[in-house]
K.L.:
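First the structure, then my questions, so here it is.
Just so we're clear, the structure is a prediction, and the values are computed from it rather than from any experiment. Chain letters run A, B, ... following the sequence lines, proteins first and then strands; every chain starts at 1.
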Protein chains: 4
Amino acid sequence: MTLQDKLTTTKRTHILNAAARTFAEKGYHATTVRDVARAAGVADGTIYNHFQNKYALLLGLFTQMTEAAEPALNPAALTGLHLRELLREMLDQPLQSLRGENYELVRVVLSEALINRDLASAFRTGLLTPMLAGTVEVLRRRGDLRADPEDTVRLLSSLVLGLLLQAALGDEELQETWAVLPDRLADLLVGGLA
Amino acid sequence: MTLQDKLTTTKRTHILNAAARTFAEKGYHATTVRDVARAAGVADGTIYNHFQNKYALLLGLFTQMTEAAEPALNPAALTGLHLRELLREMLDQPLQSLRGENYELVRVVLSEALINRDLASAFRTGLLTPMLAGTVEVLRRRGDLRADPEDTVRLLSSLVLGLLLQAALGDEELQETWAVLPDRLADLLVGGLA
Amino acid sequence: MTLQDKLTTTKRTHILNAAARTFAEKGYHATTVRDVARAAGVADGTIYNHFQNKYALLLGLFTQMTEAAEPALNPAALTGLHLRELLREMLDQPLQSLRGENYELVRVVLSEALINRDLASAFRTGLLTPMLAGTVEVLRRRGDLRADPEDTVRLLSSLVLGLLLQAALGDEELQETWAVLPDRLADLLVGGLA
Amino acid sequence: MTLQDKLTTTKRTHILNAAARTFAEKGYHATTVRDVARAAGVADGTIYNHFQNKYALLLGLFTQMTEAAEPALNPAALTGLHLRELLREMLDQPLQSLRGENYELVRVVLSEALINRDLASAFRTGLLTPMLAGTVEVLRRRGDLRADPEDTVRLLSSLVLGLLLQAALGDEELQETWAVLPDRLADLLVGGLA
DNA sequence: GATGAATGAGGTTTCATTCAT
DNA sequence: CATGAATGAAACCTCATTCAT
């Protein structure tokens, strides 16, 4: 990678970060390309030297998101844990990985994915499916899981997404108990409700 | 209610249905007021005789949604059931109540709620909170629930929302197992994973 | 005139008064036909049973104005006065005749007349010209006027219009001295400035 | 001022001139932004790169008017004249300064000022008040003025405005005698009517 | 590659006018 | 004659995108 390339990449990232901030604040549709340009400190036209169009900014952010989430998709480190701890981690990790800036981004991308078939598809194949697949593998290798691994994964993933959605919708009570929630839910899941 | 009122209400509903269809198909932002007018078979200006502006159409749909969901919020009929059956119903009912037209609407409203603070707030206070409150009551009165009712409700609601979100994102595998999923998840929850 | 005619005339006048109020408050262009209808307490469509279109309302008001001003156009009563008194009356009368509601109307009609050739023409032939003509006659018959009657009329009419315009533009200082102004200006005019 | 600034200023002025022409021809309200754009030979959107909205065009014209009238507001050159000549100039100058393009503009701006409080206020403080103030000063320093300077100014300004208004309303007779009118009126004023 | 003025299609909304009731 | 919902043309304005500098 030449210096030139590096500069280019830097500016691309710089613009993408600006887009992340503005999209997060006002949403994709309410944000103008000019908003992004101003936030990045560049001219309107410069955006188009790095991205084909406004939508490409959103796709770029989505890609950034999936790449950031990838480490969490390969839960090799979870092998030695007790089942309760494992569940706790499986609930906690996704939630933790989305704190801060990324958290706002999920809102924006998710919002658009709910409407845009392509983005929804990319969301599933790029994020959900690999996450589930990796998790199924981990569960399958364990001996202490009485339940069907696939059902368990479905349960866990739905739980995580549901929690995420509620947080994204501004549920403050949820965010306050965010710290202890994985523990308590893991307890419930392990022992059963009856 | 006079005849005139009835006609007015009818047309309002008619327009709202047209809005539901177009919004569901193209999303709120990509839909023009003219699209809605054409779908309703009226002139552009007629929309504004019944709704203050385009956003009021979205709000109208949201209200329609909450009113349609209200029956599901008062689970009085669930008193005599076994715990497993109760859980099954609690998972199944919300999912069932959103089949068909309403199902598409959730996508649209949810998409906008993720970005619009007001709508998010309305979504929580109009749908989520009453649903949770009703459910907590039902659980509290039972003697066979070992777990904390509030935690249980949090668990169930997150599960439902997560499933809903996945379905909204087009997860076909989920939709295929939709029929048996409540049963299987209820089993898992009652007995625990270990 | 039958009773029916009287009722019709009454309603026409009623609507015209409503139009006067609303036009005076918001101006002709910023006033909607619905505004007028609401002010008159009738339905939108009723306006069109009495006036061909919105512009006809303005014309109606203009006609009303000229008819109201007509008495002032025939200054038969001014024959016996001293010159100074005559001038004072000639300045004072037009200003007085426009107090209250009519005063606001002048603003509206004048505003439109400045742009609309037809209205401007009607304004001149219906108001200005007859006023000038009548005044010239009165002046001509006097022996104590040293100056040319036509020039004098031009002077007086311009003065009146200028004062009117300044008042219409909201000159508060002018309105405060409104009571004594004709006297003082008449003094100046009779004696000369040198 | 850089070249870029100059170009920008030029285009702003260019658009403003186009607005002047179209407003003068059809009036402010009957003129569409598209009309102005066409007259300026630019695209609709370009207007908004130089003016915030349609009303800003009117304000721009008003400012242009006041700036054009400013030289006439400082009558320093009138010190050495005889009273009769002074009056003649005071009547003539404002009328002369509004010939040609500006003359049409007065019609448009005045028309709107009669309805719009803000514009009326700006009209008074930006044009009338400074004109009057400057004139009072000049009169005060003279010894040959028998009359009260403030009354005299009020008389003169009203006269000028009245003449202007009549001209704006299309009084052709007035426009024909426009050349000799200041002379004759000055005579009347100096000598008095009796 | 960077700039930002220019573009013009297209969006939302208003409102004078009509007409069936 | 009165009503007021329906109409749809047309207005103002935005903004993604282009391109000459």
Side-chain angles (χ1 to χ4, degrees), chain A residues 4 7-8 11-12 15 29-38 40-57, chain B residues 3-4 7-8 10-12 15 29-38 40-57, chain C residues 4 7-8 11-12 15 29-38 40-57, chain D residues 3-4 7-8 10-12 15 29-38 40-57:
Chain A
Q4 193 57 33
L7 281 176
T8 301
K11 179 151 272 183
R12 222 190 101 97
I15 291 176
H29 288 282
T31 298
T32 70
V33 172
R34 172 161 301 184
D35 287 337
V36 177
R38 289 238 202 291
V42 300
D44 298 11
T46 304
I47 303 284
Y48 290 86
N49 288 331
H50 297 274
F51 296 88
Q52 200 172 13
N53 49 33
K54 186 187 174 186
Y55 183 56
L57 288 171
Chain B
L3 176 65
Q4 194 56 31
L7 282 175
T8 301
T10 301
K11 177 144 290 183
R12 219 191 103 98
I15 291 176
H29 289 282
T31 298
T32 70
V33 172
R34 171 160 301 183
D35 287 336
V36 177
R38 287 230 208 290
V42 300
D44 297 10
T46 304
I47 303 287
Y48 291 88
N49 286 334
H50 298 272
F51 296 89
Q52 201 169 20
N53 49 34
K54 186 187 174 186
Y55 183 57
L57 287 171
Chain C
Q4 192 57 33
L7 281 176
T8 301
K11 180 150 272 182
R12 221 192 101 98
I15 291 176
H29 289 282
T31 297
T32 69
V33 172
R34 171 161 301 183
D35 287 336
V36 177
R38 288 237 204 290
V42 300
D44 299 11
T46 304
I47 304 283
Y48 289 86
N49 287 330
H50 297 273
F51 296 89
Q52 200 170 14
N53 49 34
K54 186 186 174 187
Y55 183 56
L57 288 170
Chain D
L3 176 63
Q4 193 57 32
L7 282 175
T8 300
T10 300
K11 175 141 294 180
R12 220 192 103 98
I15 291 176
H29 289 282
T31 299
T32 69
V33 172
R34 170 160 299 183
D35 287 336
V36 177
R38 288 230 208 292
V42 300
D44 298 11
T46 304
I47 304 286
Y48 292 88
N49 287 334
H50 298 273
F51 297 88
Q52 202 169 18
N53 48 35
K54 187 188 174 187
Y55 182 56
L57 287 170

K.L.:
How close or far is atom P of F:dC1 from atom NE2 of C:His50, stated in whole angstroms?
P.N.:
7 Å
K.L.:
Under 4.5 Å between any side-chain heavy atoms of A:Leu57 and A:Ile15, yes or no?
P.N.:
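Side chain of A:Leu57 against side chain of A:Ile15, heavy atoms only: contact under 4.5 Å found.
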K.L.:
For C:Ala30 and D:Gly41, take the nucleotide of DNA chain E holding the closest heavy atom to each; which residue's nucleotide lies nearer the 5' end?
P.N.:
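The 5'-side residue here is D:Gly41.
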K.L.:
CD1 of B:Ile15 versus C1' of F:dA6: gap in Å, rounded?
P.N.:
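Interatomic distance, CD1 of B:Ile15 to C1' of F:dA6: 10 Å.
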K.L.:
Within the structure provided, determine whether B:Val33 and B:Asn53 are in side-chain contact (heavy-atom separation under 4.5 Å).
P.N.:
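The answer is no; the side chains never approach within 4.5 Å.
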K.L.:
So what's the dot-bracket for DNA chain E: Watson-Crick or G-U pairs under 3.5 Å, [ ] if a pair crosses, | if it pairs off-strand?
P.N.:
.||||||||||||||||||||
K.L.:
Tabulate atom names and distances for all N/O pairs under 3.5 angstrom spanning the protein and nucleotides 16-19 of chain F.
P.N.:
| unit_1 | atom_1 | unit_2 | atom_2 | d |
| --- | --- | --- | --- | --- |
| F:dA16 | OP1 | A:Lys54 | NZ | 3.4 |
| F:dA16 | OP2 | A:Val33 | N | 2.7 |
| F:dT17 | OP2 | A:Tyr48 | OH | 3.0 |
| F:dT17 | OP2 | A:Lys54 | N | 3.0 |

K.L.:
Taking atom P of F:dA11 as reference, at what distance in whole Å does atom CD1 of D:Ile47 sit?
P.N.:
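About 14 Å, once rounded to whole Å.
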K.L.:
Please report the closest heavy-atom contact between D:His50 and D:Arg12, naming both atoms and the distance.
P.N.:
O-NH1, 3.6 Å
K.L.:
Can a side chain N or O of A:Thr46 be found less than 4.0 Å away from OP1 or OP2 on E:dT3?
P.N.:
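True: A:Thr46 side-chain N/O within range (under 4.0 Å) of E:dT3 OP1/OP2.
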K.L.:
Please list all pairs passing the salt bridge (charged side-chain N to carboxylate O under 4.0 Å, His left out) test where one or both residues lie in residues 40-55 of chain A, with sequence neighbours left out.
P.N.:
A:Arg34-A:Asp44
K.L.:
Which whole-number value in Å describes the distance from C:Leu57 CG to E:dC15 P?
P.N.:
16 Å
K.L.:
Rounded at 0.5 Å granularity, tell me how far OG1 in B:Thr32 sits from CZ in B:Arg38.
P.N.:
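The CZ atom of B:Arg38 is 8.0 Å from OG1 of B:Thr32, to the nearest 0.5 Å.
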K.L.:
Quick one: B:Arg12 CZ to F:dA5 C1', roughly how many Å, whole number?
P.N.:
15 Å
K.L.:
Could you check how far CG of A:Asp35 sits from P of F:dC15, rounded to whole Å?
P.N.:
8 Å
K.L.:
What is the minimum heavy-atom distance between C:His29 and D:His29, and which atoms define it?
P.N.:
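Heavy atoms only, the tightest pair is CD2-CD2, 3.2 Å.
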K.L.:
How many Å lie between CZ on B:Phe51 and C1' on F:dA5, as a whole number?
P.N.:
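Distance, rounded to whole Å: 15 Å.
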K.L.:
Does one side chain, of C:Thr46 or C:Asn49, offer a donor that lies under 3.5 Å from an acceptor on the other?
P.N.:
no
